[in-house]
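Structure first, then comments.
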Amino acid sequence: AKTVFLFFLGLIAAGAILLSLPVSRNAGAAFSPLISVFTSVSAVCVTGLSIVDIGSYFSFFGQALILVLVQLGAMGYMFVSTVVALLIGKMALKDRRIMKEMFDVSSFNGLKELLIKAVVFVVSIEGAGAVVLSVLFMREYPFFKSVYLGIFYSVAAFCNAGFSLFEHSLSGYAYNPAILYVIAALIILGGLGFFVIVDIFDTYKNKRIHLSTNTKVILSVTLIVISSGFLIFLLSERTGVLKNHGLFYCLNNAFFQIVSARTAGFSSIPASLYNEFTDSVLILIMSIGAAPGSTAGGIKVTTVALVFVFVRSVIMSEEDAVLFKRIIPADLIKKSLAIFIIFFASISVFSTLMILFEPDKRPIKVIFEVVSAFGTSGLSAGITDKLSLCGKIIIMLSMIAGRIGIITILIMMLTSAQKKKRVKYPQARILVG
């Protein structure tokens, strides 16, 4: 856990130093250590929040560096270190055991094959996305700039980091469904996770009848969250930001905004224009996030599913928590409840501090910004650059805690081999409810 923590902090520090170099800024862009640190934190934590327009502030070198930080931050320490270990042919036994448990494979050979497939899929998906987006951007820009935009947005979308080279994110493409749907597809694939994609491919290739239970849960909850969020957004904003627009505009942008708000942070319609009910719904969706083992944040769709089946089992007085006709082990239920509680407790603390230091801003917008940072969604309510120094520091801490904290907790749970206490105490009944 300490190693993972130091990996991310080291990556953030290295990114901040490199972004502080004159070569990383455009001519005339004033140097600010805060901008460099904030941008590095947001990139490594694959969030996408920014206090400057990165398209005009950072040079080509700076923008490329941000993209590298996003890619490394999205892949994560364990994934990157494992790939490196596989390439050099060495891996500690402890790391092998951790990887086997995290990725649910029966042997190290199975792990190696799984990781190789995952890397191939990541490169293939990002490459295909870059090609398609480059072709679409060629309608407006020269060849080389179109290719650059295609690569940038493909990687940023798949890694679920909502950095945009345009000043108002993707608002200029609200009437361009082709670009919106390609980016939305990349966001969804990145949010499903490397190993879900591999499982779907293997199932199709080997002509298996059933997907793994993990894949079924992720696909089911993802579909429920996106479809329900899409309908709610349409109904909520029918007299708001979607008013006076055609049906296809409303459908395209409602779908894109829900997909993006869940994990990525791009916006075709500025989030500052949403009503408070929409803000509340998006706060919940950003909290859920995407799949474990993916490039996204949040408490994860599987955590939500396990908490739901646990609550259902308690209400129905069932002895076991069952999902897709499979009994869920008690230790997974405990981990899910722990993550669920820690996540929302952390949100409460950060939100309270933000409201304290930002008294001139609407509480719902402040909470929106905190959840976006902690869930590494990156969708901004339009107040990021207007925050005080204390507010920006809280947002940075939220991004770091959301990206590193949850991962660290999970790995500590996986690697801790606490000795069972030999002393057992008598039970006690406590009134609840």
Side-chain angles (χ1 to χ4, degrees), residues 34 37-38 41-42 45 47-52 162 168-169 171 225 228-230 232-243 253-254 257-258 260-289 296-299 303-304 307 339-403 405-406:
L34 180 62
V37 174
F38 193 99
V41 170
S42 185
C45 297
T47 306
L49 291 174
S50 181
I51 55 179
V52 294
H168 301 292
S169 191
S171 297
V225 172
S228 59
F230 167 72
I232 293 172
F233 189 94
L234 276 177
L235 295 174
S236 175
E237 294 294 341
R238 69 188 187 281
T239 57
V241 294
L242 299 178
K243 187 179 180 181
N253 285 275
Q257 279 307 144
I258 289 301
S260 181
R262 193 170 68 101
T263 59
F266 293 107
S267 60
S268 59
I269 302 174
S272 58
L273 302 178
Y274 302 157
N275 61 49
E276 292 192 354
F277 177 74
T278 303
D279 286 340
S280 302
V281 173
L282 291 182
I283 285 173
L284 177 60
I285 288 176
M286 288 189 295
S287 298
I288 294 173
I299 58 177
T303 301
V304 173
V307 170
I339 293 169
F340 189 89
I341 294 169
I342 291 169
F343 183 92
F344 285 105
S346 301
I347 289 294
S348 300
V349 172
F350 284 120
S351 297
T352 302
L353 291 174
M354 277 290 285
I355 292 172
L356 175 65
F357 288 111
E358 304 293 335
D360 59 324
K361 297 176 178 62
R362 294 167 60 191
I364 186 68
K365 295 298 183 182
V366 170
I367 296 172
F368 187 99
E369 206 78 6
V370 169
V371 174
S372 177
F374 194 79
T376 69
S377 167
L379 185 64
S380 175
I383 64 172
T384 310
D385 58 335
K386 302 177 181 65
L387 295 174
S388 64
L389 176 60
C390 291
K392 290 172 182 174
I393 291 174
I394 292 171
I395 290 297
M396 284 192 287
L397 292 175
S398 298
M399 289 189 286
I400 294 172
R403 181 61 179 164
I406 299 297

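We count residues from 1, following the sequence as given.
A side chain to side chain contact (heavy atoms under 4.5 Å, CB included) with E358 is found for exactly one of L353, V366, I394, namely V366.
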| message | Run the side chain to side chain contact (heavy atoms under 4.5 Å, CB included) test on K386 and K361 for me, step by step, so that the C-alpha distance in whole Å, both residues' side-chain angles and the decisive distance to 0.1 Å come before the verdict. | response | CA-CA 10 Å; K386 302 177 181 65; K361 297 176 178 62; 4.2 Å; yes
| How far apart are the C-alpha atoms of I395 and V41, what are their side-chain angles, what is the distance that settles it, and do they pass the side chain to side chain contact (heavy atoms under 4.5 Å, CB included) test? | CA-CA 10 Å; I395 290 297; V41 170; over 6 Å; no
| message | The test is side chain to side chain contact (heavy atoms under 4.5 Å, CB included); show your working for N275 and T278 and say whether it passes. | response | CA-CA 5 Å; N275 61 49; T278 303; 3.0 Å; yes
| field | Trace of the side chain to side chain contact (heavy atoms under 4.5 Å, CB included) decision for S280 with I364 | value | CA-CA 8 Å; S280 302; I364 186 68; 3.9 Å; yes
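T376 places a side-chain N or O within donor-acceptor distance of the main-chain N or O of G297, the cut-off being under 3.5 Å. Panel note: side chain Q257, backbone I269; a donor-acceptor pair is recorded below 3.5 Å.
Between F233 and Y274, the ring-plane angle classifies as perpendicular under the 30° and 60° cut-offs.
Atom OG of S398 is separated from atom CZ of R403 by 15.5 Å, given to the nearest 0.5 angstrom. Residue S346 holds its OG atom at 11.5 Å from CG of L397, rounded to the nearest 0.5 Å. Note that CZ of F350 is 11.0 Å distant from CE of M399, once rounded to the nearest 0.5 Å. Atom CE of M286 is separated from atom CD of E369 by 8.5 Å, given to the nearest 0.5 angstrom. Expressed to the nearest 0.5 Å, how far CD1 of I383 lies from CG of D360 amounts to 9.0 Å. Note that the CZ atom of F277 and the CD1 atom of I232 stand 5.5 Å from one another [nearest 0.5 Å].
Counting heavy atoms from C-beta on, the side chains of F38 and V52 never come closer than 4.5 Å. Contact check for L284 versus V281: no side-chain heavy atoms found under the 4.5 Å cut-off. Using a 4.5 Å heavy-atom threshold, the side chains of V371 and L282 count as separate. Proximity of M354 to L387: side-chain heavy atoms (C-beta onward) are separated by under 4.5 Å at one or more points. Side-chain contact between L49 and S372 is present, with at least one heavy-atom pair separated by less than 4.5 Å. Annotation: side chain of P270 is in contact with side chain of S171 (closest heavy-atom distance under 4.5 Å).
In plain terms, the two heavy atoms of I299 and F343 that are nearest each other are CG2-CG, 3.0 Å. Between F266 and L379, the shortest heavy-atom distance links the atoms O-CD1, 3.8 Å. Of all heavy-atom pairs spanning S380 and F368, the tightest one is C-CE2, 4.1 Å. For the pair I355 and P363, the tightest heavy-atom approach, listed with the atom from each and the gap, is CD1-CB, 4.3 Å. Considering all non-hydrogen atoms of both residues, S377 and A261 come closest at OG-O, 2.6 Å.
Every residue two or more places apart in sequence or in another chain that forms a side-chain contact (heavy atoms from CB on, under 4.5 Å) with S351 is listed here: I347, I367, V370. Every side-chain contact (heavy atoms from CB on, under 4.5 Å) that V225 has, sequence neighbours left out, goes to V221, R262, I285, I288. For S267, there are no side-chain hydrogen bond (donor to acceptor under 3.5 Å, both in side chains) partners, not counting sequence neighbours.
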